[in-house]
Number of protein chains: 2
Amino acid sequence: MAEGSKRQARKIPEATVARLPIYLRSLLEAAGDGLPTISSERLAELSGFNAAKVRKDLSYLGSYGTRGVGYDVEYLQYQMSRELGLTKDWHVVIAGLGNLGHALANYGGFGDRGFPVAALVDADPRVVGTDINGITVRHIDELDAIAAESQIDIGIIATPASAAQEVADRMIAAGVSSILNFAPTIVSVPAEVSLRKVDLAVELQILSFYQQRRGGAGSTSSLPPETAAAPPAG
Amino acid sequence: MAEGSKRQARKIPEATVARLPIYLRSLLEAAGDGLPTISSERLAELSGFNAAKVRKDLSYLGSYGTRGVGYDVEYLQYQMSRELGLTKDWHVVIAGLGNLGHALANYGGFGDRGFPVAALVDADPRVVGTDINGITVRHIDELDAIAAESQIDIGIIATPASAAQEVADRMIAAGVSSILNFAPTIVSVPAEVSLRKVDLAVELQILSFYQQRRGGAGSTSSLPPETAAAPPAG
DNA sequence: CTTTGTGAACGGATTCACAGCT
DNA sequence: AGCTGTGAATCCGTTCACAAAG
């Protein structure tokens with residue numbers, strides 16, 4: 001470490017970042033084993049990746065392992081939580097309380113894990129005012145006011161596709177800079193906002209592709225049986 | 001390997017496959033414009049990618065465009081649907097009818113889009129026998145029988161993490177070869193089974209990482225007092 | 001010994017840039 | 001002229017393989 005700030009300006013590739021939560025969860029499991037340390041081999045097993053990848057990924061966080069021994073479970077857990085920003089709570093607003101939004105709002109183990117639901121919003125006057133899991137649904141026009149009352153960090157869009165972009169825009173205007181979009185549509189956000197999406201229809205269609213390649217049951221199948229398509233999962 | 005079937009031995013990279021559903025959806029939107037053709041430029045706009053990527057992706061399907069003109073919307077839509085295996089229905093079973101499973105089962109626009117819900121299963125005797133959206137929940141032990149009654153192509157796991165692997169194993173034993181896992185845990189499947197996962201907690205933690213990097217506010221607090229980070233034990 | 005940490009090789013995906021067709 | 005289709009260049013992520021460290 002040359003001169004300069006102690007704050008590391010480490011790069012950490014996007015692909016690695018996406019795996020950190022899995023490692024963290026695996027460490028939690030590993031902690032149950034009672035062993036104080038864990039090898040890259042074992043961590044690979046628990047997380048479903050391979051040892052080389054695990055070591056490379058962890059090396060981006062720093063040299064937290066001990067050669068010949070492995071990684072200290074507790075310490076690594078701490079470092080990873082810190083790196084992921086899980087040492088503080090991030091407040092979440094859920095927009096759209098149809099089937100999915102409702103399920104998300106009712107899901108308890110949310111606030112437990114550092115992402116407390118700070119507010120629920122919807123555009124439908126029949127939904128506004130109702131109570132879900134102890135939180136009163138407010139009108140989406142109040143977003144600015146809500147954000148002024150309490151910091152909102154993450155917005156979850158669970159509206160119909162037609163409303164998603166508008167809702168995203170309002171969230172961003174209210175100061176939200178991380179968005180998780182469940183609506184089946186493209187949402188555009190400025191570069192300084194993080195956007196991730198979860199799209200059920202897309203997932204099913206991807207599965208459909210490989211299922212068909214495999215000559216999946218059904219009537220129309222007529223591909224060679226030797227079709228050995230690589231599955232999409234890592 | 002040599003020559004052989006004239007059936008396409010096209011490769012289609014995984015990354016491209018994952019984008020096809022988005023293109024298809026964009027084409028649906030484009031159809032509303034009334035224009036018979038669409039350029040890679042416009043399709044890029046609608047799908048949120050860039051024109052070079054669109055052209056490269058579409059080239060894997062075949063040369064379906066016309067230079068100087070663009071792609072025929074309807075024809076491309078058809079070819080893409082065919083490639084994705086959307087010309088037939090794929091039957092879905094949903095396992096686990098808690099918050100999420102319930103929401104998924106209630107979501108209508110599922111069967112409409114070629115993925116009819118053929119069965120619902122759960123392990124909880126209090127849930128078994130209840131009716132959701134016109135379908136009676138059956139016990140998970142009946143999976144083999146259910147699969148024998150009607151072809152099941154895709155299994156959706158919406159159980160608690162602790163049950164996910166066991167449920168996946170049972171699905172596979174019953175002949176399901178595509179699985180979409182919503183449970184927050186690693187599920188292992190043999191190479192000939194496709195597995196995709198949707199993990200809310202992981203998504204939130206990824207957002208947390210970038211939010212923190214950005215210097216996002218967030219409320220201080222709450223990690224065990226032990227947070228003083230003991231270096232690796234000696 | 002064992003297991004990490006990492007340069008180097010590899011392979012896949014994205015972007016560039018232009019040849020080729022309409 | 002306009003726009004696709006695609007080799008070539010580039011970027012990014014994964015895997016290899018081994019030196020370094022306990």
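Side chains are part of it too, since the values below use all heavy atoms of this structure and drop only hydrogens, waters and symmetry mates. Predicted, not measured: the structure shown is a model, and the values here were computed from it. Each chain gets a letter, A, B and so on, in the order its sequence line appears, and its residues count up from 1.
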Quick one: is B/Asn50 getting a side-chain N or O under 4.0 Å of the C/dT14 phosphate, OP1 or OP2?
no
Could you check how far CD of B/Glu41 sits from P of D/dG2, rounded to whole Å?
13 Å
Roughly how many Å is it from CD in B/Glu14 to C1' in C/dT14, rounded to a whole number?
16 Å
Can you tell me if B/Lys53 touches the phosphate of C/dT15, counting only side-chain N or O atoms and a distance under 4.0 Å to OP1 or OP2?
yes
Under 4.0 Å, heavy atoms only, any strand: does B/Tyr64 hit a base, just the sugar-phosphate, or nothing?
sugar-phosphate
If the test is side-chain contact (heavy atoms from CB on, under 4.5 Å), which one of B/Thr159, B/Ile157, B/Ile156 qualifies with B/Phe182?
B/Ile156
Minimal heavy-atom distance between B/Ala95 and B/Met171, with the atoms involved, is CB-CE, 3.7 Å
Non-neighbouring partners of A/Pro160 that pass side chain to side chain contact (heavy atoms under 4.5 Å, CB included), sequence neighbours left out
A/Ser162
So which protein N/O to nucleotides 20-22 of chain C N/O distances come out below 3.5 Å?
{"residue": "C/dG20", "atom": "N3", "partner": "B/Arg67", "partner atom": "NH1", "Å": "3.1"}
{"residue": "C/dT22", "atom": "O4'", "partner": "B/Arg67", "partner atom": "O", "Å": "3.2"}

Separation of C/dT14 atom C1' from B/Arg55 atom CZ, nearest Å, is 13 Å
From CZ of A/Arg42 across to C1' of C/dT2 the rounded distance in Å is 18 Å
The nucleotide from D/dT15, D/dC3, C/dA13 with an atom nearest the side chain of A/Lys56 is D/dT15
Which part of the nucleic acid does A/Arg19 contact within heavy-atom distance under 4.0 Å: base, sugar-phosphate only, or nothing?
sugar-phosphate
Could you state the OH-C1' distance from B/Tyr60 to C/dA13, rounded to the nearest angstrom?
8 Å
Atom pair distance, as rounded to whole Å: CG in B/Leu58 and C1' in C/dA13:
16 Å
Closest non-hydrogen atoms of B/Ala174 and B/Leu143, given as atom of the first, atom of the second and distance, are CB-O, 4.2 Å
Separation of A/Asp57 atom CG from D/dT15 atom P, in whole Å?
10 Å
Residues, nucleotides or ligands: over 12 heavy atoms within 6.0 Å of A/Glu41 CD
no
Rounded to the nearest 0.5 Å, how far apart are OG of B/Ser188 and CD1 of B/Ile172?
9.5 Å
Treating B/Arg196 as the side-chain partner and A/Leu207 as the backbone partner, does any N or O pair qualify as donor plus acceptor under 3.5 Å?
no
Atom CZ of A/Phe49 and atom P of D/dT15: how far apart are they, to the nearest Å?
11 Å
Please tell me if A/Ser40 has a side-chain N or O lying less than 4.0 Å from either OP1 or OP2 of C/dT4.
yes
